[in-house]
Amino acid sequence: EDKVVQSPLSLVVHEGDTVTLNCSYEVTNFRSLLWYKQEKKAPTFLFMLTSSGIEKKSGRLSSILDKKELFSILNITATQTGDSAVYLCAVGDYGQNFVFGPGTRLSVLP
Amino acid sequence: DGGITQSPKYLFRKEGQNVTLSCEQNLNHDAMYWYRQDPGQGLRLIYYSQIVNDFQKGDIAEGYSVSREKKESFPLTVTSAQKNPTAFYLCASSSDLRVNYGYTFGSGTRLTVV
């Protein structure tokens with residue numbers, strides 16, 4: 001059975017800190033790994049990763065995939081209160097379905 | 001603007017009642033999905049449909065039903081057989097051409113049983 005595990009489940013930091021969120025997976029016929037940010041309602045897309053070792057960056061956020069060790073990390077540098085959200089990791093196979101992890105709830109305090 | 005519209009945003013249901021959650025998309029996406037989200041459990045797949053007039057059960061389909069009579073619409077009915085329906089429900093869609101990029105999500109419906 002496909003499985004996605006995220007850690008930590010919850011994290012509290014102060015503004016300016018750097019955080020690393022982890023996602024490990026067991027998926028048959030891996031195709032891609034996605035990171036989403038969910039604030040109140042609909043998750044919004046952050047990154048899509050398909051190849052090992054290639055870092056994706058968007059402003060203060062970056063992510064990388066290790067297909068050998070079956071994990072990905074999401075880094076956020078110089079955190080701001082607006083980064084407070086649940087960060088979801090999802091892994092897709094060669095169907096059109098994605099398996100989601102439980103999410104990491106990040107709280108950034110001023 | 002293209003997107004997915006879910007309605008209503010909030011829904012209250014008495015025990016024993018069936019309720020239907022609406023999901024409409026104008027993205028011309030072939031595939032549509034319903035997920036349930038409970039605290040600390042991420043998203044769990046209820047049903048999905050890859051083409052009109054066809055749908056498959058996800059991991060937690062019991063107590064739910066769907067239909068896909070039009071490409072744009074994928075309503076979810078929460079039946080009285082669903083023992084613990086209070087949750088946040090998300091509808092999503094995806095395109096064959098951009099399937100690697102995952103889903104576009106609606107804003108969700110929060111269902112509460114009173």
Side-chain angles (χ1 to χ4, degrees), chain A residues 1-11 21-25 27 29-51 54 56 58 63 65 67 72 85-107, chain B residues 1-10 23 25 27 29-51 54-61 74 87-111:
Chain A
E1 184 181 322
D2 296 343
K3 187 175 162 185
V4 177
V5 176
Q6 290 186 246
S7 64
L9 293 180
S10 180
L11 186 57
L21 310 183
N22 304 292
C23 175
S24 63
Y25 61 90
V27 170
N29 296 322
F30 172 90
R31 195 215 296 247
S32 62
L33 184 145
L34 308 177
W35 284 98
Y36 288 90
K37 178 182 181 181
Q38 185 179 24
E39 292 180 83
K40 296 276 189 211
K41 296 180 179 176
T44 53
F45 174 82
L46 293 175
F47 296 112
M48 184 268 290
L49 304 156
T50 56
S51 301
I54 298 175
K56 296 280 182 89
S58 176
S63 184
L65 174 67
K67 287 166 75 173
S72 173
V86 175
Y87 289 85
L88 296 168
C89 173
V91 177
D93 59 17
Y94 276 87
Q96 274 185 299
N97 300 332
F98 285 81
V99 176
F100 283 80
T104 293
R105 181 173 295 279
L106 174 64
S107 300
Chain B
D1 278 339
I4 297 184
T5 302
Q6 287 187 242
S7 62
K9 292 192 186 314
Y10 300 94
C23 178
Q25 54 102 357
L27 299 164
H29 284 174
D30 290 307
M32 296 186 74
Y33 309 81
W34 274 105
Y35 282 90
R36 170 181 170 139
Q37 188 173 31
D38 295 283
Q41 293 197 43
L43 304 184
R44 293 185 290 168
L45 182 64
I46 305 172
Y47 268 98
Y48 65 100
S49 166
Q50 295 186 325
I51 56 171
D54 188 46
F55 47 82
Q56 282 77 43
K57 292 182 179 180
D59 300 320
I60 55 165
F74 192 40
F88 187 56
Y89 291 87
L90 281 165
C91 178
S93 69
S94 69
S95 162
D96 264 346
L97 296 179
R98 288 173 57 82
V99 63
N100 270 353
Y101 287 83
Y103 306 142
T104 300
F105 284 93
S107 296
T109 293
R110 189 166 297 280
L111 173 63

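Every chain is numbered from 1 and lettered A, B, ... according to where its sequence line falls, protein lines coming before strand lines.
Less than 6.0 angstrom separates the ring centroid of Tyr36(A) from the ring centroid of Phe105(B).
Taking Arg110(B), Arg44(B), Gln37(B) one by one and counting their heavy-atom pairs under 4.5 Å with chain A, the maximum is reached by Gln37(B).
Contacts between Gln6(B) and chain A at a heavy-atom distance below 4.5 Å are absent for every atom of the residue. Heavy atoms closer than 4.5 Å to chain A are found in both the backbone and the side chain of Leu43(B). Neither the backbone nor the side chain of Gln6(A) comes within contact range of chain B; no heavy atoms are under 4.5 Å apart.
Between Ala42(A) and Leu90(B), the shortest heavy-atom distance links the atoms CA-CD2, 4.3 Å.
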Q) Are Tyr33(B) and Phe98(A) close enough, and set up right, to give a ring-ring contact (aromatic ring centres under 6.0 Å, His included), and what steps lead you there? A) CA-CA 10 Å; Tyr33(B) 309 81; Phe98(A) 285 81; 8.2 Å; no

